[in-house]
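Heads up: the structure comes next, in structure tokens.
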Amino acid sequence: MTKHLHLHKNTKFLSLFHTNKSAIFTKASSFTTSTATPWNTHLRNLSKHGQYNEALILYRQMLQSGATPNAFTFPFALKSSASLSLPITGKQLHCHVIKLGCESEPFVQTALITMYCRCKLTEFAQKVFDEMPQRNLTVCYNALISGYVQNGNFLNGFLLFSEMRLRGVLFNAVTVLGLVPGCTVPRYLWLGMSLHCLKVKCGLVNDLAIANCLLTMYVRCASMELARKLFDHIPGKGLITWNAMISGYAQNGLAGEVLELYHEMELLQVNPDAVTFVGVLSACANLGAQKIGFEVEEKIRSSCMRWNVFLKNALINMYARCGNLAKARIIFDDMPEKSLVSWTAIIGGYGIHGLGNIAVELFDKMIETGIQPDGTVFVSVLNACSHAGLTERGLNYLDLMKREYGLKPCSEHYSCVVDLLGRAGRLEEARKLIELMEDEPDGAVWGALLGACKIHKNVELAELAFNKVVELEPTNVGYYVLLSNIYTEANNSEGILRVRLMMRERKLKKDPGYSYFECKGKTYLFVAGDRSHPQTKEIYKLLNRLEDTESEYGGANKNGQEVINHEPPNIIGVHSERLAIAFALLNTEIGADILVIKNLRICNDCHSFVKRVSKIVDRLFVVRDATRFHHFRNGTCSCNDYW
DNA sequence: TTAGGGTTAG
């Protein structure tokens, strides 16, 4: 790319843009004058208002009219080509700069450095920088430092910062702002923290932009406690500060904290914007809190806020994850321009709720419309295939992903495919697939195989998968429980004891599983064997009927007799999902639109229970696993009014 | 008249 960009000092002015086929010359202007000043004023106004195409058109007209650009002209023109990322135009502007002898003007030099960096040509930017007679300007260092960082070369940026300090060149808030985004990966967090200290030492404490930037750094490094500590100490928080914290919580799965902070924002009468709502909707999606999500939607509508694609995608995701696929679909279908994320959200929504056929149909339609898939949408579609038992289809997608789109499957893809093969009973193929993985398989991959071994009662392979998975995730209790259950089914008491001993040695204790059902704006939470709900008697009575009779909801047992025993035989072991389902059945109107939503983590027994119930009741309801939402754990078991 | 920076979705 850089080869044809060599400078030609003899470049004629009017050759500018001749090789550039962009549509920047479509507009004509009647503006003509032979002195540079009025052109510069006009250029400044266009550049200030972000009308970069127009600014470049004007620059060309300036040349055509015979006016000679000067040192004041170039920063505007260069900024325009930088903002539009037009390297050829930028390079030609550089030729003009040299031809007119403006290359030693610091303003022009800095604009050139910025232009090259924005066009991803840092080597050219460095060249401009190196050729500067005096490298003592803070702004030039700032431009190149942030250029390196923006182009992913954080170390060069930091080296330049060290050089700057060694040479005694003063740095300022913008220098720090240029560097901090490079520390958003955990391995550089310590450098970011040293910048945080530097900021305090150098009296940049009140610079809100730096604080926001540092906050984002902690968030991206998943250091949420440090992020919150900083957030609490920022005196005049701006909307960006609130948004950074809210989206930070959302990205790190702390949905409860998102809603708390949003609530606090409302109390303090800080006006949210689209970015805030995207974070809040994402939290609602994680919690399955459809009611709050709906309220947010209403608020957006009543605030006359302009809907952007981010907001729509967040809304689709929220409704889809909460099980309201009809609403998610209406919003999706209504979008004039759907992004890859819109497709991923709706495909993922159908996939996790067991409607794999619709998910793959949509995926194929997406490909037809010419949208280039990425790794994430493949995770959604593979996941959909595994939950709908579309084994061959899923395997084809894995192949398509590699062959047609050149995407390298990662561990997430492999765990979907292992799950896919596993559910189909093709355990040996699943094991071979893991062996063929280019990268080291992670816990999720071996965990998927272990799960499959549970379904197909393969103790030997389960032991292999378990040994691998506990090596990678020694504190994940779920895997120990899974193996213990496999041993239980195989009547292997020695195995059970071994697992229990291992858990005791490692001081691991299983957290109770929770399920919840949202009804009339309230969330009702259940743990296994829960008896604290006021309707416990009715719930168990109904459960007993459902377990005993596979024929009809609320009917009699196989012999046509009313079931007298209202207590299921294994009360302690009644899974939370079943309790939530029975509660849902008792508390929703017959005839309402009700559908069974199968949760990802629902156990195999409950899965068949749900299937059985769905055949009987022909209604729609949503029962979700709340185990991961620690927000719920603080409360007692049932009748939690969430908000 | 002119140069360098912060938050968003699957």
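Below, chain A is the first sequence line, B the second, and so on; all start at residue 1. Worth saying up front: this structure is predicted, and the values here are computed from it rather than measured.
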What is the separation between atom CG on A:L382 and atom P on B:dG10, rounded to the nearest whole Å?
19 Å
Applying a 4.0 Å non-hydrogen cut-off, can you work out what A:T138 is touching in the nucleic acid: base, sugar-phosphate, or nothing?
base
Sugar-phosphate only, base, or nothing, as touched by A:N172 at under 4.0 Å among non-hydrogen atoms:
base
Taking the six-membered ring for Trp, are A:W39 and A:Y59 closer than 6.0 Å centroid to centroid?
no
Quick one: which of B:dG5, B:dT8, B:dG10 gets closest to the side chain of A:T344?
B:dG10
Any side-chain N or O of A:S282 less than 4.0 Å from the OP1 or OP2 oxygen of B:dG10?
yes
Pairing of A:K299 and A:E295 as salt bridge, 4.0 angstrom limit:
no
In terms of the angle between their ring planes, are A:F154 and A:F158 parallel, tilted or perpendicular, with boundaries placed at 30° and 60°?
tilted
Would you mind reading off the distance between A:M265 atom CE and B:dT7 atom P, rounded to a whole angstrom?
16 Å
Among B:dT1, B:dT7, B:dG10, which nucleotide has an atom closest to any side-chain atom of A:V377?
B:dG10
What pair of heavy atoms forms the shortest contact from A:L230 to A:L215, and how long is it?
CD2-N, 3.5 Å
A:R118 has its side chain closest, among B:dG5, B:dT1, B:dA3, to B:dG5
Residue A:N243, side-chain atoms from C-beta onward, closest of B:dA9, B:dT7, B:dG10:
B:dT7
Atom CG of A:L179 and atom P of B:dG6: how far apart are they, to the nearest Å?
12 Å
A:N317 side chain N/O closer than 4.0 Å to the phosphate oxygens (OP1, OP2) of B:dG10?
yes
Tell me: CG of A:N70 to P of B:dA3, nearest whole Å?
13 Å
Nucleotide of B:dT7, B:dG4, B:dT2 approaching A:P75 most closely (side-chain heavy atoms):
B:dT2
Among B:dG10, B:dG6, B:dT7, which nucleotide has an atom closest to any side-chain atom of A:Q150?
B:dG6
Any stacking of A:F72 on B:dT2, going by centres under 5.5 angstrom and planes within less than 30 degrees?
no
Any idea which of B:dG10, B:dG4, B:dT1 is nearest the A:T37 side chain?
B:dT1
Closest listed nucleotide, where the reference is the side chain of A:R220 and the choices are B:dG10, B:dT8, B:dA9:
B:dT8
Give the rounded distance in Å between these two atoms: CZ of A:F231 and C1' of B:dT7.
12 Å
Just to be sure I understand the rule, does A:T376 reach a base, reach only the sugar-phosphate, or reach nothing, if contact means heavy atoms closer than 4.0 Å?
base
If we ignore hydrogens and angles and just use 3.5 Å, is the side chain of A:H263 paired with the main-chain N or O of A:L259 as donor and acceptor?
no
Which is true for A:L340 with a 4.0 Å heavy-atom rule: it touches a base, it touches only sugar-phosphate, or it touches nothing?
base
For A:D273, report the nucleic acid contact type (base, sugar-phosphate, nothing); a contact means any heavy atom under 4.0 Å.
nothing
Could you state the atom-to-atom distance from CE of A:M245 to P of B:dT8 in whole Å?
12 Å
Ring-plane angle category for A:W242 and A:F231, please: parallel below 30°, perpendicular beyond 60°, tilted otherwise.
perpendicular
Salt-bridged, A:K237 to A:D232, with N to O below 4.0 Å?
no
A:Q251 side-chain N/O to B:dT8 phosphate OP1/OP2 under 4.0 Å:
yes
Given B:dT1, B:dG6, B:dA3, which nucleotide is nearest the side-chain atoms of A:L177?
B:dG6
Spacing between A:F107 atom CZ and B:dT2 atom P, to the nearest angstrom:
8 Å
Give the rounded distance in Å between these two atoms: CG of A:L137 and P of B:dA3.
14 Å
Any base atoms under 4.0 Å from A:A71, or only sugar-phosphate, or nothing? Heavy atoms, all strands.
base
Is a donor-acceptor pair below 3.5 Å formed from side chain A:D374 to base B:dG10, judging by atom type as modelled?
yes
